[in-house]
Every structure is written in structure tokens, then in C-alpha cells.
Participant: 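Here's a structure for you.
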Amino acid sequence: MERKAGERKYREVADDLRRRIAEGEFSEGRRKLPSERDLVEQYKAITTSAMTIRQALSVLRDEGLVESRVGSGWYVAEWKPIVRNALDRLFPDRWGEAESMWDVDIEGRRLDVEDLRVQFAPAPPEAARVLGVGSKVKVWHRDRRYVVDGVPVMRAASYIPDEFARGTQITESDTGKGGVYARLREAGHGPVSFREQMRGRPATAAEVDDLRLAKGATVIEQHRIARREDGRVVECSRMILDASRYLLVYDFEA
């Protein structure tokens, strides 16, 4: 199907800006892009619409190439993407030997956990269904925001049945080295299989505020289920990732 004229225009602008960035036109020390008004002038042979320019910039933002700074304009992104290799980070040797899964992702970069909340309360309906508990049964909630190099990159919420978490550090703010999965294994409920589902979608207004995203930004919504050997779900989690901050990688044998 042929693209609509408007779509062709913003993609033409995005393609040319991508080329200019790759060729180093906006090099170190001069990383600010021209203003939207100046870009309209530069690309007047393609478009005279500021909206088309904004659409092109949004494409490059979602690719992680540019970023918007409130009150300042658009810049070539200085952010180094977080390489998230799901098959590697969930390997038992990572959390089983007291190494954080984040160590795999950020390779020595600074990690902070903000807005950490640990509660014992009924699970949301979907989490209760996955865990196989009643709607009024209390489970352990762990909700937190992850910040890498000063930038919020993810909001994560985990739910663990009381029978698996009781008497462990899972019920405390600091779960200790190796995290939740290491504590579950010590208690005899270590996960042996995981299932993850992911989808990309526009961020909600609350997510824009929470992760300090640009308006119209894309997030990755990720759901994970961890099961022990008998098939019981020992933890389920929901994560909201700033899509522009991540590179998702999957390595596996043929």
C-alpha cells in the first residue's frame, strides 16, 4: 500500500536528519539541533508544516537518536542504550551467585532505586489471576522506579505470594544480593522457568510524569511470570520501560 503524502514527508525529513547526525554534523560540543522553525526553513522543499517536523523528530526520538529538553530544544542524544539480553540476565548463575540482573544490563553504570514501596495487600485482578489466589488474598507487592546515570528508565511492580515470601528479605526494602529470585531459591521455591510478554505502546500521562518522558513517547510494557519446578507461579511482575533507553537483544542456539 502506498504511503500517504504526509507520512512520506515526515519520513523524508527523518531520513535526512538521521543522515546528518550519522555524518557528524551535530558533533561533540555542538549537539543541539536547529530550532523547529529553522528546520521548517531548511526543509521547505519537502514541507512547510511544523507538525511534519515534529513528527520527524519524534521518529528519531523513539529510535534513541535525539532527545527533547524542556525549554531548550532538541539535541543529539548522548544516552548509551541499556542492552537488555533477557536470556542472559535470567540465567540462574546471574541471580544464583548473588549477582544482580541489573549488573548484566548496565555494566558498571550508576543505578539508583527510587520510590520503593513494599506492601502486603490484595493483588490487582490480573496479578491475582496469574498467581492463582483469590481477589482478597494478600500478597507481597514490590514497586519501584529504576534510575540509571540519573535518568529514570523503568517502573517495575512485582507480586509474590505470602507463602513463598514470608520469613525472607522479600518482605523488606533491601532483598539482599541476588534479589527476589535468590531469596526464593534459599526458601526452596527457586524459579526454574520464565515467561515474558512485551508490547510497545504510547505512554500514559502518569507514565510520562513518572519516567520524565517527552509527550507522545513510546514505552515497552513487559510482563514476566516465574515458575518453580512444580509449575506454581512464585512471582509475576509488570515493567514499564522507556523504549528510547533500551536495546532488547535475544541470543540463542539454532
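If you read the sequence from its start, that first residue is 1, and numbering goes on from there.
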Participant: Can you tell me if CZ on R110 sees more than 12 non-hydrogen neighbours from other groups inside 6.0 Å?
Facilitator: no

Participant: Tell me if the CE atom of M51 is crowded by more than 12 foreign heavy atoms within 6.0 Å.
Facilitator: no

Participant: In the hydrophobic clustering (ILVMFWY, side-chain contacts below 4.5 Å, transitive), which residues join L131, or is it alone?
Facilitator: V130, V133, V137, V139, Y159, I225, V233

Participant: Donor-acceptor pair, distance only, cut-off 3.5 Å: does the side chain of K177 make one with the backbone of A182?
Facilitator: no

Participant: Are D210 and R145 close enough for a salt bridge, meaning some N to O gap below 4.0 Å?
Facilitator: yes

Participant: Does the distance from a Lys or Arg side-chain N to an Asp or Glu carboxylate O, for E172 and R183, drop under 4.0 Å?
Facilitator: no

Participant: Count I, L, V, M, F, W, Y as connected when their side-chain heavy atoms are under 4.5 Å apart, and connections chain through other members. Are V13 and V40 then in the same cluster?
Facilitator: yes

Participant: Less than 4.5 Å apart, any side-chain heavy atom of V192 and any of R227?
Facilitator: no

Participant: Does R195 CZ have over 12 foreign heavy atoms under 6.0 Å away?
Facilitator: no

Participant: Going by heavy atoms in the side chains, are R117 and H141 under 4.5 Å from each other?
Facilitator: no

Participant: Do the non-hydrogen side-chain atoms of R228 and P191 ever get within less than 4.5 Å of each other?
Facilitator: no

Participant: Please list, chain by chain and in numerical order, all residues satisfying ring-ring contact (aromatic ring centres under 6.0 Å, His included) with F120, sequence neighbours excluded.
Facilitator: W140

Participant: Give a yes or no on whether Y246 and L211 share a hydrophobic cluster (residues Ile, Leu, Val, Met, Phe, Trp, Tyr; joining criterion: side-chain heavy atoms under 4.5 Å apart).
Facilitator: no

Participant: Do Y181 and E235 have side-chain atoms, one donor and one acceptor, less than 3.5 Å apart?
Facilitator: yes

Participant: Linking I/L/V/M/F/W/Y whenever their side-chain heavy atoms sit closer than 4.5 Å, directly or via other members, would L213 and I240 fall into one cluster?
Facilitator: yes

Participant: Could you check whether D143 pairs with R155 (Lys NZ or Arg NE/NH1/NH2 to Asp/Glu carboxylate O, under 4.0 Å)?
Facilitator: yes

Participant: Got a donor-acceptor contact below 3.5 angstrom from the R31 side chain to the A77 backbone?
Facilitator: yes

Participant: Does a side-chain N-to-carboxylate-O contact under 4.0 Å join E12 and K9?
Facilitator: no

Participant: Using 4.0 Å as the upper bound for N to carboxylate O, is an ion pair formed by R54 and E36?
Facilitator: yes

Participant: Flag yes if I82 and Y146 sit in one hydrophobic cluster, no otherwise; membership is Ile, Leu, Val, Met, Phe, Trp, Tyr, and two members link when side-chain heavy atoms are under 4.5 Å apart.
Facilitator: yes

Participant: L116: what forms a side-chain contact (heavy atoms from CB on, under 4.5 Å) with it, not counting sequence neighbours?
Facilitator: V113, V118, R142, R144, S173

Participant: I need the minimum non-hydrogen distance between G134 and A128, along with the two atoms involved.
Facilitator: O-CB, 4.2 Å

Participant: Would a 4.5 Å heavy-atom cut-off, applied to side chains only, mark R166 and T171 as touching?
Facilitator: no

Participant: Under a 4.0 Å threshold between the charged nitrogen and the carboxylate oxygen, would R212 count as salt-bridged to D242?
Facilitator: no

Participant: Return yes if some donor-acceptor pair links the side-chain N/O of Q222 with the main-chain N/O of E196 below 3.5 Å, else return no.
Facilitator: no

Participant: Are L57 and L17 packed together at the side-chain level, in the sense that at least one heavy-atom pair is separated by less than 4.5 angstrom?
Facilitator: yes

Participant: For a 4.5 angstrom cut-off between non-hydrogen side-chain atoms, does I46 reach D16?
Facilitator: no

Participant: Under 4.5 Å between side-chain heavy atoms, counting indirect links through other Ile/Leu/Val/Met/Phe/Trp/Tyr residues: same cluster for I53 and L65 or not?
Facilitator: yes

